[in-house]
Amino acid sequence: MPVIPIDSLDHPLLADYADLTDVALRRILEPAGGLYLAESSKVIERAVAAGHVPRSVLLQEKWLADLAWVAERFPEVPIFVASDALLEQLTGFQMHRGALASMHRPVLPDARELLASARTVVVLEDIVDHTNVGAAFRSAAGLGADAVLISPRCADPLYRRSVRVSMGTVLQVPWTRIGEWKDAAPLLHELGFTIAALALGDDSIPLPEFTQNLPDRVAIVLGTEGDGLSRRALAAADVRVEIPMLHGVDSLNVASAGAVALYALRYGARKG
């Protein structure tokens with residue numbers, strides 16, 4: 001693998017790293033070219049462990065030894081080494097974590113195949129904050145969700161901030177995008193899932209009550225930060241579930257609410 005010191009930004013592969021500021025990228029669901037960026041040596045290692053293949057690596061010279069294993073495993077992949085100032089000029093931010101890898105984006109699995117053996121899944125509907133997406137994936141990994149489904153307008157889990165906040169778990173938890181509710185709900189029902197919307201309402205069931213007699217297969221649906229779940233999601237749900245709150249607080253951050261719900265589901269009693 002060639003180690004390429006750079007003092008200019010002319011190499012065509014460096015375009016993968018150009019303008020990575022949140023302002024430029026936060027509205028992009030899946031960047032063009034079938035690529036995503038893994039930030040830090042730990043995340044790069046987890047990406048490769050998940051079967052993902054790097055296209056190139058960009059780093060500060062002091063991190064070269066930490067990524068020597070990439071050179072051994074992928075001898076054809078170029079490693080670009082540059083000064084802090086040039087890296088910031090290229091990417092638009094200070095690379096405190098030392099390394100970035102441009103990774104080939106894996107093909108997303110078919111939802112039916114992904115759900116074949118799942119019992120507890122999380123559905124993220126239109127969550128646009130990458131931090132919340134990453135935190136939701138971390139909860140899903142740590143609290144036993146079998147898979148995560150994301151709506152067509154949900155932020156990209158492989159965006160570098162999502163990956164970083166998730167501590168790399170977006171590379172470990174099986175996930176895929178689903179279609180609109182008119183298609184997603186029939187599929188979930190066909191596969192035996194009870195769709196449980198985490199939402200306030202006059203007909204909502206307290207979470208402890210819901211977990212006393214859990215369906216065999218549950219899809220917990222979490223909504224967007226501002227407006228919550230859409231009317232289509234609520235109409236598709238078989239049940240609404242709420243987390244009992246104190247001191248006049250009506251709700252939690254979406255990622256926190258998902259963590260509470262998953263913890264309760266983990267220790268709930270399944271029917272039969």
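Nothing fancy with the numbering, it's 1 onward along the sequence.
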Test log, rule side chain to side chain contact (heavy atoms under 4.5 Å, CB included), inputs Leu58 and Leu90: CA-CA 10 Å; Leu58 178 70; Leu90 172 63; 3.7 Å; yes
Side chain to side chain donor-acceptor pair (under 3.5 Å) contacts in which one or both residues fall within residues 77-88, not counting sequence neighbours: Gln60-Asp84
Nearest non-hydrogen partners of Ala111 and Leu187, listed with the distance: CB-CD2, 3.9 Å
Where Val260 and Leu252 come nearest, the two heavy atoms and their spacing: CG2-CD1, 4.0 Å
Nearest heavy atoms of Ser204 and Ala199, plus distance in Å: OG-O, 2.8 Å
Check: Ile79 and Trp63 side chains under 4.5 Å, non-hydrogen atoms: no
Side chains of Leu59 and Val81 in contact at under 4.5 Å (non-hydrogen atoms): yes
Reference residue Val221; test side chain to side chain contact (heavy atoms under 4.5 Å, CB included); the match among Leu124, Val241, Leu188, Ile195: Ile195
Within-4.5 Å side-chain heavy-atom neighbours: Ile44 and Pro54: no
CA sep, side-chain torsions, deciding dist, call: Asp156, Arg105, side chain to side chain contact (heavy atoms under 4.5 Å, CB included): CA-CA 12 Å; Asp156 182 13; Arg105 183 179 289 265; 2.8 Å; yes
Path from Val122 to Val173 over hydrophobic side-chain contacts below 4.5 Å: yes
Gap separating the CG atom of Leu115 from the CG atom of Asp110, nearest 0.5 angstrom: 9.0 Å
Criterion side chain to side chain contact (heavy atoms under 4.5 Å, CB included) on Phe193 and Val123, from CA distance to verdict: CA-CA 12 Å; Phe193 282 91; Val123 183; over 6 Å; no
Smallest separation among heavy atoms of Leu14 and Ser8, with atom names: CD1-O, 3.9 Å
Full working for side chain to side chain contact (heavy atoms under 4.5 Å, CB included) between His104 and Leu35: CA-CA 5 Å; His104 292 284; Leu35 302 170; 3.8 Å; yes
Aromatic plane relationship, His130 with Tyr159 - under 30° parallel, 30 to 60° tilted, over 60° perpendicular: tilted
Connected via hydrophobic side-chain network under 4.5 Å: Met245 and Leu200: no
Single-linkage hydrophobic cluster, 4.5 Å side-chain cutoff, Leu191 and Trp175 together: no
Any Leu265 side-chain heavy atom under 4.5 Å of Phe210 side chain: yes
Val254 and Leu198, any side-chain heavy atoms less than 4.5 Å apart: no
Minimum side-chain heavy-atom gap Thr169-Gln172 below 4.5 Å: yes
Heavy-atom closest contact (Ala140 atom, Leu262 atom, distance): CA-CD1, 3.7 Å
Straight-line distance of Leu222 CG to Asn132 CG, nearest 0.5 Å: 10.0 Å
Between CG on residue Leu229 and CZ on residue Arg240, distance to nearest 0.5 Å: 8.5 Å
Nearest-0.5 Å distance that lies between atom OG in Ser40 and atom CG in Leu67: 9.0 Å
Path from Ile243 to Tyr267 over hydrophobic side-chain contacts below 4.5 Å: yes
Leu37 side chain near Met103 side chain, heavy-atom distance below 4.5 Å: no
Where at least one partner belongs to residues 125-143, residue pairs that pass salt bridge (charged side-chain N to carboxylate O under 4.0 Å, His left out), sequence neighbours excluded: Asp126-Arg153
Residues forming a ring pair (Phe, Tyr, Trp, His ring centres under 6.0 Å) with Phe80, sequence neighbours excluded: His11
Closest non-hydrogen atom pair, Glu180 against Pro152: OE2-CG, 3.9 Å
Nearest-0.5 Å distance that lies between atom OG in Ser56 and atom CG in Leu13: 5.5 Å
Whether over 12 other heavy atoms sit under 6.0 Å from Arg232 CZ: no
Interatomic spacing from CG in Leu108 to CG in Leu158 - rounded to 0.5 Å: 8.0 Å
Check: Cys154 main-chain N/O paired with Arg177 side-chain donor or acceptor under 3.5 Å: yes
N/O donor-acceptor pair under 3.5 Å between Asp146 side chain and Val121 backbone: no
Same cluster (ILVMFWY, side-chain, under 4.5 Å), Leu149 and Leu171: no
Phe74 side chain near Val57 side chain, heavy-atom distance below 4.5 Å: no
